[in-house]
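Notes follow the structure.
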Number of protein chains: 2
Amino acid sequence: MTLTNSEENYLKAIYHLSEAGKKSVSTNDIASSMKTKPASVSDMIRKLGAKEVINYRKYYGVQITEEGQNYALQVIRKHRLWEVFLVDKLKFNWDEVHEVAEQLEHVRSPLLTQRLDEYLNFPKFDPHGDPIPDEFGDVKARPRISLSEMEVDQAGQIVAVKDSSAAFLRYLDKVGAYIGARIKLLDKVEFDGSIEILVDQKTLFMSKDVASNILIVVS
Amino acid sequence: MTLTNSEENYLKAIYHLSEAGKKSVSTNDIASSMKTKPASVSDMIRKLGAKEVINYRKYYGVQITEEGQNYALQVIRKHRLWEVFLVDKLKFNWDEVHEVAEQLEHVRSPLLTQRLDEYLNFPKFDPHGDPIPDEFGDVKARPRISLSEMEVDQAGQIVAVKDSSAAFLRYLDKVGAYIGARIKLLDKVEFDGSIEILVDQKTLFMSKDVASNILIVVS
DNA sequence: ATTAATTTTTAGCTATATCTAAATAGTTAC
DNA sequence: GTAACTATTTAGATATAGCTAAAAATTAAT
Ligand SMILES: [Mn+2]
Ligand SMILES: [Mn+2]
Ligand SMILES: [Mn+2]
Ligand SMILES: [Mn+2]
């Protein structure tokens, strides 16, 4: 069973919105995440339903099937492996990789995916800290919380970002926040949720909005 | 100006059939080279004409324009760079790369192409011996003749193959012919054009059909 | 110079992927 | 429990890319 590039993009969006198959997903949510119109989504989910990668009951949203999850995970695997390739081998900055990976993830060649994985030394995480599914679709899950959920005096390590947009990532570069950095929450302003953290002997202030897009493993 | 993937594939075919813009190309030739029908080609060349990458006069075939040649050369450049990547870095055999490169050549990212070129150390030829255009579309041309055109006792070096099909390349692997091999023509059968050559102290017999798909620089 | 053969184009159909506008189903508020 | 609002689907367009069958133009043969 094969999907078109566009079908793969929709399926991937549905997988992410469903939080790995846990929730059902609405037409409007798919439309806004894909930047298309609800009418286009209605057409597409009918097709994805026919191909049995989602269960679709008119007016009641969609659930991704087991088969759909496996398919989505293979696309995500390719996306993240290419991102690692671009950063590790071609010296792309982490804010330059997403769009290119959006294209590369659709290249169809199981041999290519396997060899790329090998060449990159079987990486477990992409440049944004997201886990890379293995060839069977298995993902190493870590218990992560967002920086905005931490308590004052708690320490931990930045392990991922929720937002992979160039604007956000360049801001993190500028202030000196990066995947792997050890941090400690120094202060939290109750009024607006903005925080003060310690990173590499430096004090950093950030808004709640920024903090909520940084993921931490507490330790 | 951007072309769709399908338009890029047609333009590349037209470029190759025209021998780098030297000849005009017929609808039927494009159709057979693209494995589509003449009716589909008529539609496509009308579109390519509108985008001014070819000159098209109904019933009189097409000529690729200057702009069309530059565009085609950039696609060819990407195709061949990816082939080098697959063979040099991912240990693909030379008969496994063409189909994958057909997909990768359409990835749109000037930065990717430039960095890939750099990463591969600015290769001048692909795994089949075809020259890789530089970023300006300039190609290093070498005076090559086919093995079937050589004279008895002439010596030279295999520099490229005309046919990149897996079947042909695996046959060459089996008999021990490869790009870079020094050869000498020992004998030629007038009746059917079949030949006998010396490669690495070994004598090899091959049909005219095979010999005409092997390109030589005489020396 | 006609006629015949070949090549090319056009007409009309299918499939994908998108859109806007209109219709309809479902949900919420009173 | 009906009215109002919101979400979703359907209808009808447009654009791409392919096909077959029929028409038209070019080229070749007599
Ligand atoms: Mn990404
Ligand atoms: Mn994509
Ligand atoms: Mn291609
Ligand atoms: Mn090649």
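Heavy-atom basis, side chains included; hydrogens, waters and symmetry copies ignored. Each chain gets a letter, A, B and so on, in the order the sequences are listed, and its residues count up from 1.
The phosphate of D:dA7 has neither OP1 nor OP2 within less than 4.0 Å of any side-chain N or O from A:Ser26.
Of all the heavy atoms in B:Gly68 and B:Leu11, the pair that sits closest is O-CD2, 3.5 Å. In terms of heavy-atom proximity, B:Pro123 sits nearest to B:Asp117 at CD-OD1, 3.6 Å. What you find for B:Ile158 and B:Ala177 is that their closest heavy atoms are CD1-CB, 4.2 Å.
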Expected rows: protein N/O vs nucleotides 25-28 of chain D N/O, under 3.5 Å:
{"unit_1": "D:dA25", "atom_1": "O4'", "unit_2": "B:Tyr59", "atom_2": "OH", "d": "3.3"}
{"unit_1": "D:dT26", "atom_1": "OP1", "unit_2": "B:Tyr60", "atom_2": "OH", "d": "3.4"}

What protein N or O atoms touch nucleotides 14-17 of chain D N or O atoms at under 3.5 angstrom, if any, and at what distances?
{"unit_1": "D:dA17", "atom_1": "OP1", "unit_2": "B:Thr4", "atom_2": "OG1", "d": "2.4"}
{"unit_1": "D:dA17", "atom_1": "OP2", "unit_2": "B:Lys47", "atom_2": "NZ", "d": "2.7"}

Short N/O separations, protein against nucleotides 3-5 of chain D, under 3.5 angstrom:
none

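A heavy-atom distance below 4.5 Å is found between the side chains of B:Pro127 and B:Val84. The side-chain heavy atoms of A:Met44 and A:Met34, taken from C-beta on, include no pair separated by under 4.5 Å.
Residue-level contact check: A:Ser42 touches the bases, meaning some heavy atom is under 4.0 Å from a base atom.
In the model, B:Gln103 has no side-chain atom that pairs as donor or acceptor with a side-chain atom of B:Glu99 under 3.5 Å. Side chains of A:His106 and A:Asn9: a donor-acceptor N/O pair is present below 3.5 angstrom, by distance only. B:Ser6 and B:Thr4 are not linked by any side-chain donor-acceptor pair at a separation below 3.5 angstrom, with hydrogens and angles left out of the test.
Not a single donor-acceptor pair under 3.5 Å links the side chain of A:Ser207 to the backbone N or O of A:Ser194. With hydrogens and angles ignored, the 3.5 Å screen pairs a side-chain donor or acceptor of A:Arg115 with a backbone N or O of B:Leu90.
Rounding to whole angstrom units, CG of residue A:Asn28 and C1' of C:dA25 are separated by 14 Å. In this structure, CG of A:Asn9 is placed 12 Å from C1' of C:dA17, rounded to the nearest angstrom. Rounded to an integer number of Å, the gap from B:Arg57 CZ to C:dT8 P is 13 Å.
Each of B:Ile45, B:Val41, B:Leu3 was evaluated against B:Tyr10; a single residue qualifies, B:Val41, per the side chain to side chain contact (heavy atoms under 4.5 Å, CB included) test.
A salt bridge (charged side-chain N to carboxylate O under 4.0 Å, His left out) check over residues 20-38 of chain A, counting only residues at least two apart or in different chains, returns the pairs A:Glu19-A:Lys23.
Under the rule for a salt bridge (Lys or Arg N to Asp or Glu O under 4.0 Å), A:Lys188 has no partner lying at least two apart in sequence or in another chain.
Of the residues in residues 32-40 of chain A, A:Pro38, A:Ala39 come within less than 4.0 Å of DNA chain D through at least one heavy atom, sorted by number.
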